[in-house]
Asks: 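My questions will all concern the structure given below.
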Amino acid sequence: MKKITLLVFIISLLISCKKNSDTTPLPASAKVYIAGNSRISTTEYFPCYWKDGTRTDLPLPTLSLHGEIYSIAISGTDVYAVGRYHNGTINVPCYWKNGTRTDLSTIDNSKTAVAYSINISGSDLYIAGYSINSSAVPVPCYWKNGTRTNLSQIDNTKSGYALSSYVSGTDVYIAGRTINSSNAAVACYWKNGIRTDLSPIDNTKEGYGEYVFFSGADVYVAGHSNNAAGLLVPCYWKNGNRTDLSKIDNTKHGYGNSVFISGADVHVAGFTNNATNNRIPCYWKNGSRTDLSVIDNTQGGFARSVYVSGSDLYQAGIAINTAGMEIPCYWKNGIRTDLNAGIAGQANFILISN
């Protein structure tokens, strides 16, 4: 009886999500990949990705576990998805190739580790994330073909996280943050293991690097930084020089989550809080902000990823429905498409495959 009730609830919710969407169906020729998770209950969620709106759930060791995909990469006909699953005690970093899971090595097998980003360069597979050591300190790292390399930190007794990666030729760029001796987060990126710390708005406050992109000879990192009032300001750094981005309300927080360079244009995706503190998804093109549609303006949402393909601009994220549930979605040229995800879910990354 419980299973029947849950099924009826899921079907009714999916119907309501469809009604709330302000979109038209994708053309059959589109190849839009989105990484995230789907929920069948408020506590159970599973790693999945969508291709042209069709969801593929990825296997876990047992159905009682849960997990999430943070990034996806395509190589020929192969689909790679990277993330983590919870084994009942800790998070385990892993990737799936065409649905087959491979767990990644960690510093301490009794401690949590997470894989966030994946890149393919030739026959090499690069994955960025973190692994907690025996002293319970998260250590930023990346795996090349399964072999882990730990990255430098400001203070090895403090936390560090590698959140995004970009591979260009033999160069490996990774963005994230490390914690200094004052317990403040410092945005940074590593090039071939050499760390560059990025300037915050206020040297007494924190900065967060979320995503890295390399274009030409330039390194871009998207993120956010606290101002003197302690409010987060969305921003990006180009070769270490920070550009702050506009917010709906300067008395509220704003976040830069992803960056994509197309020609001379700089695209950043994220969200800013409005006057009632609802998160509003948005993107900035060369510093000019465009707010994105949501299911319910009193609930809001956020954009986590941005991608440019030809003349089309995509973002992926979530829109919260009237019941307060997170619905994974993406926007193409400002038009939102809500994705099938059971009762809820998240869209973490978008990739357009030609």
Asks: Quick one: are Gln346 and Arg304 in side-chain contact, heavy atoms under 4.5 Å?
Replies: yes
Asks: I need the Ser134 OG to Ile132 CD1 distance, nearest 0.5 Å.
Replies: 11.5 Å
Asks: Please name the pair of heavy atoms, one in Trp237 and one in Cys235, separated by the smallest distance, quoted to 0.1 Å.
Replies: CH2-SG, 3.5 Å
Asks: Take Glu68 and Asn348 through the test side chain to side chain donor-acceptor pair (under 3.5 Å) and record every step on the way to the result.
Replies: CA-CA 9 Å; Glu68 185 166 10; Asn348 295 323; 2.9 Å; yes
Asks: Start with the C-alpha distance between Tyr173 and Phe214, add both sets of side-chain angles, then the distance that settles ring-ring contact (aromatic ring centres under 6.0 Å, His included), and finish with yes or no.
Replies: CA-CA 8 Å; Tyr173 298 86; Phe214 180 77; 4.6 Å; yes
Asks: Measuring from Glu210:CD to Tyr116:OH, what's the distance to the nearest 0.5 Å?
Replies: 9.5 Å
Asks: Above 12 or not: heavy atoms from other molecules or residues under 6.0 Å from NZ of Lys252?
Replies: yes
Asks: Quick check for you: to the nearest 0.5 Å, what is the distance between Ser75 atom OG and Asn119 atom CG?
Replies: 12.0 Å
Asks: Between Asn109 and Thr106, is any side-chain donor less than 3.5 angstrom from a side-chain acceptor?
Replies: yes
Asks: Would Tyr85 and Tyr49 show up in the same hydrophobic cluster when neighbours are defined by side-chain heavy atoms closer than 4.5 Å?
Replies: yes
Asks: Step by step, would you call Phe349 with Tyr70 a ring-ring contact (aromatic ring centres under 6.0 Å, His included)?
Replies: CA-CA 6 Å; Phe349 184 84; Tyr70 297 105; over 10 Å; no
Asks: Among residues at least two apart in sequence or on other chains, which ones pass side-chain contact (heavy atoms from CB on, under 4.5 Å) with Ile350?
Replies: Val32, Ile34, Ser305, Tyr307, Tyr314, Ala316, Tyr330, Ile352
Asks: With a 3.5 Å cut-off and no angle check, do the side chains of Asp171 and Asn192 form a donor-acceptor pair?
Replies: yes
Asks: Any salt bridge between Glu44 and Arg39, counting N to O under 4.0 Å?
Replies: no
Asks: Nearest 0.5 Å, please: how far is SG in Cys141 from CH2 in Trp190?
Replies: 9.5 Å
Asks: How far does CZ of Phe302 sit from CD of Gln315, to the nearest 0.5 angstrom?
Replies: 14.0 Å
Asks: Once rounded to the nearest 0.5 Å, what's the spacing between atom CG of Leu65 and atom CG of Asn87?
Replies: 7.0 Å
Asks: Do the side-chain N and O atoms of Asn183 and Lys158 include a donor-acceptor pair separated by under 3.5 angstrom?
Replies: yes
Asks: Below 30° counts as parallel, above 60° as perpendicular, anything between as tilted: where do the rings of His66 and Tyr45 land?
Replies: tilted
Asks: My understanding is that only residues two or more places apart in sequence, or in another chain, count here; which of them pass side chain to side chain donor-acceptor pair (under 3.5 Å) with Thr157?
Replies: Asp155
Asks: Does this structure show an ion pair linking Arg55 with Asp57, if we count only N-O contacts that are shorter than 4.0 Å?
Replies: yes
Asks: Under 3.5 Å, is there a donor-acceptor pair linking the side chains of Asn145 and Asp124?
Replies: yes
Asks: Out of Tyr208, Phe271, Tyr211, which one pairs with Asn257 under the side-chain contact (heavy atoms from CB on, under 4.5 Å) rule?
Replies: Phe271
Asks: I'd like to know if Ile174 and Ile127 are part of one continuous hydrophobic network [Ile/Leu/Val/Met/Phe/Trp/Tyr, side-chain heavy atoms within less than 4.5 Å].
Replies: no
Asks: Closest heavy-atom contact between Ala303 and Pro281?
Replies: N-CB, 3.7 Å
Asks: For Asp202, is there an ion pair with Lys205 - N to carboxylate O distance below 4.0 angstrom?
Replies: no
Asks: Going by atom types alone, do Asp108 and Asn133 pair a side-chain donor with an acceptor below 3.5 Å?
Replies: no
Asks: With a 3.5 Å cut-off and no angle check, do the side chains of Arg84 and Asn91 form a donor-acceptor pair?
Replies: yes
Asks: Using modelled atom types and a 3.5 Å cut-off, is there a donor and acceptor pairing between side-chain atoms of Gln299 and backbone atoms of Ile320?
Replies: no
Asks: Could you tell me whether the side chains of Gln153 and Arg195 share a donor-acceptor contact shorter than 3.5 Å?
Replies: no
Asks: Please determine, by modelled atom types, if Arg279 and Asn273 share a side-chain donor-acceptor pair under 3.5 angstrom.
Replies: no
